[in-house]
Amino acid sequence: MSHDISQPVPQGGNGAQDAENSRIAAIANELERLCTIHEAQLRDSQADVSHFEAELRAANAHPTTQVMIDTYMAALGFEKTTQEGRFSNGAYEVWDLVPRNVLVDEDGDIFVVDAEIKHIQPIS
C-alpha cells in the first residue's frame with residue numbers, strides 16, 4: 001500500500017479565503033500602526049512627566065498641608081464641602097485635593113498634581 005498522493009493538491013485558497021486573509025492582514029497592519037503611534041505618544045508624555053518631576057525636584061517641592069490647600073482653594077473662590085479634599089464653587093466641583101496630591105515649592109507656589117474636576121453647571 002502506497003501513501004503517495006497521485007494527484008497534486010492545490011495549496012492556494014479560493015477567492016473568499018484570499019479576500020479574508022487580505023482583510024485580516026490589513027487589520028493587523030492598522031493595529032500595528034496604531035500601537036506604534038500610541039507608544040510614541042506614551043514616550044512623549046512620559047518625557048513631559050519626567051520634565052515636570054525634575055522641575056519640582058529642582059524647586060524642592062513637597063506635599064502641602066490641608067490648611068494650605070483649604071486656603072489656596074478659598075482664594076480661588078471655592079468652598080470646602082463636607083467630604084475631605086472636596087471643594088465647589090457652584091459651577092465646578094474639585095476633589096481628591098489632599099496633601100499627597102498637592103505640592104508646594106520653596107517659593108510657596110502650589111502645584112496640584114492629581115485631582116478630579118467635574119463641571120456642575122455653566123457660570124452665569
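Residue numbers start at 1 and run along the sequence shown. Values below: every heavy atom of this structure, side chains too, minus hydrogens, waters and symmetry copies.
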inquiry  = Going by salt bridge (Lys or Arg N to Asp or Glu O under 4.0 Å), name the residues that satisfy it together with D96, two or more places apart in sequence or in a different chain.
reply    =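 Counting only residues at least two positions away or on another chain, D96 forms a salt bridge (Lys or Arg N to Asp or Glu O under 4.0 Å) with R100.
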request  = Name all residues meeting the salt bridge (Lys or Arg N to Asp or Glu O under 4.0 Å) criterion together with E93; count only those two or more places apart in sequence or in a different chain, and write none if there are none.
outcome  = R86
key: Criterion side-chain contact (heavy atoms from CB on, under 4.5 Å) on I110 and V102, from CA distance to verdict   = CA-CA 7 Å; I110 302 283; V102 183; 3.4 Å; yes
Are [Y] and [X] linked, directly or through intermediate hydrophobic residues, by side-chain heavy-atom contacts shorter than 4.5 Å (ILVMFWY only)?
| X | Y | value |
| --- | --- | --- |
| L76 | V112 | yes |
| I69 | I117 | yes |
| F78 | M68 | yes |

Nearest heavy atoms of [X] and [Y], plus distance in Å:
| X | Y | value |
| --- | --- | --- |
| I120 | Y92 | CD1-C, 3.7 Å |
| P63 | P99 | CB-O, 3.3 Å |
| L103 | T64 | C-CG2, 3.6 Å |
| V94 | A115 | CG1-CB, 4.3 Å |
| Q66 | L97 | NE2-O, 3.4 Å |

Find the distance between [atom1] ([X]) and [atom2] ([Y]) and round it off to the nearest 0.5 Å.
| X | Y | atom1 | atom2 | value |
| --- | --- | --- | --- | --- |
| M73 | S88 | CE | OG | 9.5 Å |
| K80 | T71 | NZ | OG1 | 9.5 Å |
| D105 | F111 | CG | CZ | 4.5 Å |

key: Flag, side chain of D107 to backbone of D109, donor-acceptor distance under 3.5 Å   = no
message = Could you go through V104 and Y72, starting from their C-alpha distance and side-chain angles, then the distance that decides it, and tell me whether this counts as side-chain contact (heavy atoms from CB on, under 4.5 Å)?
response = CA-CA 11 Å; V104 60; Y72 176 72; over 6 Å; no
key: Counterpart residues, side-chain contact (heavy atoms from CB on, under 4.5 Å), relative to A74 (two or more places apart)   = none
key: side-chain contact (heavy atoms from CB on, under 4.5 Å) evaluation trace for W95 with K118   = CA-CA 9 Å; W95 65 96; K118 178 181 179 183; 3.5 Å; yes
